[in-house]
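Heads up: the structure comes next, in structure tokens.
In what follows, every heavy atom counts, from backbone to side chain, and hydrogens, waters and symmetry copies are set aside. For ligands, and for the atoms within them, numbers begin at 1 and follow the listed sequence.
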Amino acid sequence: MNARVLVIEDDPISLRLMSYLLRSAGCLTLTAADGEAGLRVASAERPDLVLCDIQLPKVDGFGVVAAITTDPQLRSIPVVAVTALAMVGDRERIMRAGFSGYVSKPIEPKRFIEQIEAFLSPGSSTQTAATPDSSS
Ligand code: MN
């Protein structure tokens, strides 16, 4: 995977683990520790994928996905929620909010990379919202 992945996560341990796993899989990583900084990086760098925690300082994950999915320059970028929320209603809310999918915390390394690969591979995402336009 040569993708550029932005990880927005305020928990340093989770951030470090996800960044490490992504780099091990060949991705370039960009990081931000709050939603506001994440949106700045997203606008400046136009990553191939955004991984976004839900509970974040300044702008939460729902705010991040709302901003990205309504920005014509950014809305083709899949945004994947990273969440410890486990209730079915939470998952529905996440998908309704415009996320392309979610991965569960705590991060399971092997499963995490498989899930990320699915979001980055054109056509193989289990959710539909992502338009794969990132290769050019
Ligand atoms: Mn958090």
Are the side chain of E108 and the backbone of K110 linked by a donor-acceptor contact shorter than 3.5 Å? no

Shortest-distance N, O or S atom of D53 relative to the Mn ion (ligand 1): OD2

Any idea which heavy atoms bring F62 and A97 closest together, and the distance? CD2-CB, 3.5 Å

For R75 and T69 the tightest heavy-atom approach is CB-O, 3.4 Å

Treat each ILVMFWY residue as a node, draw an edge where side-chain heavy atoms are under 4.5 Å apart, and state whether M18 and L28 are in one component. no

Closer than 2.8 Å to the Mn ion (ligand 1), do we get an N, O or S atom from S14, backbone or side chain? no

Shortest-distance N, O or S atom of D10 relative to the Mn ion (ligand 1): OD1

